[in-house]
Asker: 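Starting off with a structure, shown below.
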Amino acid sequence: IAFGTKGGGVFVLEASSGIERFRVDGHADKVASCICKQSQGRWQMHVDPACPAMGHAARVNLLAFSPNGEVVSSASFDGSVKVWQTASGTQVCSLEAHSFNVKALTWRGDGKLLATGGCDASVKVWDTESWTLLHSLDSNGHVNSAAWSPQGELASGTWGGLVTVWDLSTGKERLSVGDCRGPPVEAHVFWGRDGVLGRRHRDDVTVWDSNSGDKLTSVYAARICQGPPGLFVLTEATWRGYSGGISLYKLGRKEKKLVAFRNEPASFVACHGQLIAMVCSESSEVIVFECPRLKIEEDEDF
């Protein structure tokens, strides 16, 4: 597991033992995020510093590997998206994607399309063989997240909380759900199983039927990440009497809490297979534990 610090360092720990493998220093500013992927028997780490890097004119906001791990894309506050070979670090292409601040960057599962979204209120879809622009989609507000469904549908979320599912055959919206009123707060979009579409906005996770747009359920949570297949790890907020702990949920036509892991505030949570990592808000301690291998019954109510 790799994590960055405010001092510009990156630490890599062995998840099974907690032993420090190595550390990387030298960034001039805090490290916003880092991602790792195994390729050809080697682990490759790409760091997202909160300062100009990787050929961008401004800070790097996001990193995303292609599904096969051969290239990594970087998105910047300057509106550009750049694509790099992971083995050599050679730049593959540079896209003038948005007028400023790219906040969404996601590859389709087959690696053939890349979607970007920005504060210019647009979502763009790129062909990853020719690196040409296929669609420029007008969104109702600053786009801060996007996600592909397992079936290849694209959804995006805005600062106002609106979630849009796009029909790429026409370049028009197919479905729009969520309330775009109120103060601007990021809406993080995700897909579940069987056509379930979700959004974390403020301190609530809401789930809809992606075909009808009907609201299915809502859970109070500050953060969410994809857990083992079909499951999600939710982090409670630390107000309204909640402890801030993390739990494993099944989300569908209703929610079902399966396991409660830690009853303490978490500032960050990440999942990889059956492993769950959390950063404790109060102590900054990194804790890694294994999710129990639950037999998830298929329930028609879900």
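Since the structure is predicted, the reported quantities are computational estimates derived from the model, not experimental observations. FYI, side chains are in, hydrogens and waters are out, and symmetry mates aren't considered; it's all heavy atoms of this structure.
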Asker: If you group Ile, Leu, Val, Met, Phe, Trp and Tyr whenever their side-chain heavy atoms sit less than 4.5 Å apart, what else falls in with V143?
Answerer: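 Besides V143, the hydrophobic cluster comprises L113, V123, V125, L134, L137, W148, L154, W166, L168, listed by chain and residue number.
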Asker: Has F77 got more than 12 heavy atoms of other residues, nucleotides or ligands less than 6.0 Å from its CZ?
Answerer: no
Asker: Determine which pairs satisfy salt bridge (charged side-chain N to carboxylate O under 4.0 Å, His left out) with at least one residue from residues 135-164, sequence neighbours left out, and list them in order.
Answerer: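 Qualifying pairs, neighbours excluded: E153-R174.
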Asker: Donor-acceptor pair, distance only, cut-off 3.5 Å: does the side chain of K256 make one with the backbone of K250?
Answerer: no
Asker: If a pair satisfies salt bridge (charged side-chain N to carboxylate O under 4.0 Å, His left out) and one of its residues is in residues 85-99, list it, with sequence neighbours excluded.
Answerer: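 Every candidate salt bridge (charged side-chain N to carboxylate O under 4.0 Å, His left out) pair involving residues 85-99 fails, so no pair, neighbours aside, qualifies.
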Asker: Please check: side-chain N/O of T158 versus main-chain N/O of H142, any donor-acceptor pairing under 3.5 Å?
Answerer: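 Side chain of T158 to backbone of H142, a donor-acceptor pair under 3.5 Å: no, none is there.
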Asker: Taking all atoms of both residues into account, what is the closest heavy-atom pair of W84 and G89, and its distance?
Answerer: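 Heavy-atom minimum between the residues: CE3-O, 3.4 Å.
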Asker: Do side-chain atoms of T106 reach the backbone of A147 as a donor and acceptor pair under 3.5 angstrom?
Answerer: no
Asker: Which pair of non-hydrogen atoms, one from R199 and one from F190, has the smallest distance, and what is that distance?
Answerer: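 Scanning both residues completely, I find the closest heavy atoms to be N-CE2, 3.4 Å.
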Asker: Locate the shortest heavy-atom distance separating A75 from V102; write the atom from each residue and the value.
Answerer: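 Shortest heavy-atom separation between A75 and V102 comes out as CB-CG1, 3.6 Å.
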Asker: Could you list the residues that satisfy side chain to side chain donor-acceptor pair (under 3.5 Å) with T217, not counting sequence neighbours?
Answerer: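 Checked T217 against side chain to side chain donor-acceptor pair (under 3.5 Å); matches are E255.
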Asker: Which distance, rounded to the nearest 0.5 Å, do you find between the CG of L62 and the OG of S74?
Answerer: 9.5 Å
Asker: Quick one: closest heavy-atom pair of V81 and A97, and the distance?
Answerer: CG2-CB, 3.8 Å
Asker: Shortest non-hydrogen contact from L162 to S176?
Answerer: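 Shortest heavy-atom separation between L162 and S176 comes out as CD1-OG, 3.3 Å.
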Asker: Show your working on side-chain contact (heavy atoms from CB on, under 4.5 Å) between W126 and L133 and close with a plain yes or no.
Answerer: CA-CA 5 Å; W126 309 84; L133 179 64; 3.8 Å; yes
Asker: Are W107 and T128 packed together at the side-chain level, in the sense that at least one heavy-atom pair is separated by less than 4.5 angstrom?
Answerer: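 The answer is yes; the side chains approach within 4.5 Å.
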Asker: Listed by chain and number, what are the side chain to side chain donor-acceptor pair (under 3.5 Å) partners of S212, not counting sequence neighbours?
Answerer: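 Side chain to side chain donor-acceptor pair (under 3.5 Å) list for S212, sorted by chain: D214.
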Asker: Sequence neighbours excluded, which residues qualify as salt bridge (charged side-chain N to carboxylate O under 4.0 Å, His left out) partners of D110?
Answerer: R108
Asker: Can you sort out the partners of D120 under side chain to side chain donor-acceptor pair (under 3.5 Å), two or more places apart, ordered by chain and number?
Answerer: H98, S122
Asker: Where the side chain of S76 meets the backbone of G79, is there a donor-acceptor pair that is under 3.5 Å apart?
Answerer: no
Asker: Do D78 and S80 have side-chain N/O donor and acceptor atoms under 3.5 Å apart?
Answerer: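 Per modelled atom types, D78 and S80 side chains form a pair under 3.5 Å.
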Asker: Grab the two heavy atoms, one from K103 and one from W159, that are nearest each other, plus how far apart they are.
Answerer: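 Of all heavy-atom pairs spanning K103 and W159, the closest is CE-CZ2, 4.4 Å.
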Asker: Quiz question: by atom type and distance under 3.5 Å, do the side chains of S136 and K124 form a donor-acceptor pair?
Answerer: no
Asker: Between atom CH2 of W208 and atom NZ of K215, what is the distance when rounded to the nearest 0.5 Å?
Answerer: 7.5 Å
Asker: Can you get from W131 to L105 by hopping between Ile, Leu, Val, Met, Phe, Trp and Tyr side chains that sit under 4.5 Å apart?
Answerer: yes
Asker: Can you list everything that forms a salt bridge (charged side-chain N to carboxylate O under 4.0 Å, His left out) with D209? Sequence neighbours excluded, please.
Answerer: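 Partners of D209 by the salt bridge (charged side-chain N to carboxylate O under 4.0 Å, His left out) criterion, ordered by chain and then number, come out as R253.
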Asker: Which residues pass the side-chain contact (heavy atoms from CB on, under 4.5 Å) test with K172, sequence neighbours left out?
Answerer: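 Counting only residues at least two positions away or on another chain, K172 forms a side-chain contact (heavy atoms from CB on, under 4.5 Å) with T170.
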Asker: List for me each residue that meets side-chain contact (heavy atoms from CB on, under 4.5 Å) alongside H188, sequence neighbours excluded, and say none if there are none.
Answerer: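 For H188, the residues satisfying side-chain contact (heavy atoms from CB on, under 4.5 Å) (neighbours in sequence not counted) are N144, S145, E186, R200.
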Asker: Can a donor-acceptor pair be found, under 3.5 Å and without considering hydrogens, that links the side chain of S66 to the backbone of V71?
Answerer: yes
Asker: With A155, which residues qualify under side-chain contact (heavy atoms from CB on, under 4.5 Å), at least two apart?
Answerer: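 Result, side-chain contact (heavy atoms from CB on, under 4.5 Å) vs A155: V165, V189, W191, L197.
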Asker: For a side-chain contact (heavy atoms from CB on, under 4.5 Å) with L251, tell me which candidate from V205, V196, L216 qualifies.
Answerer: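 For L251, the side-chain contact (heavy atoms from CB on, under 4.5 Å) test succeeds with only one of V205, V196, L216, which is V205.
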Asker: How would you list, by chain and number, every residue that makes a side chain to side chain donor-acceptor pair (under 3.5 Å) with S88, sequence neighbours excluded?
Answerer: Q85, T90
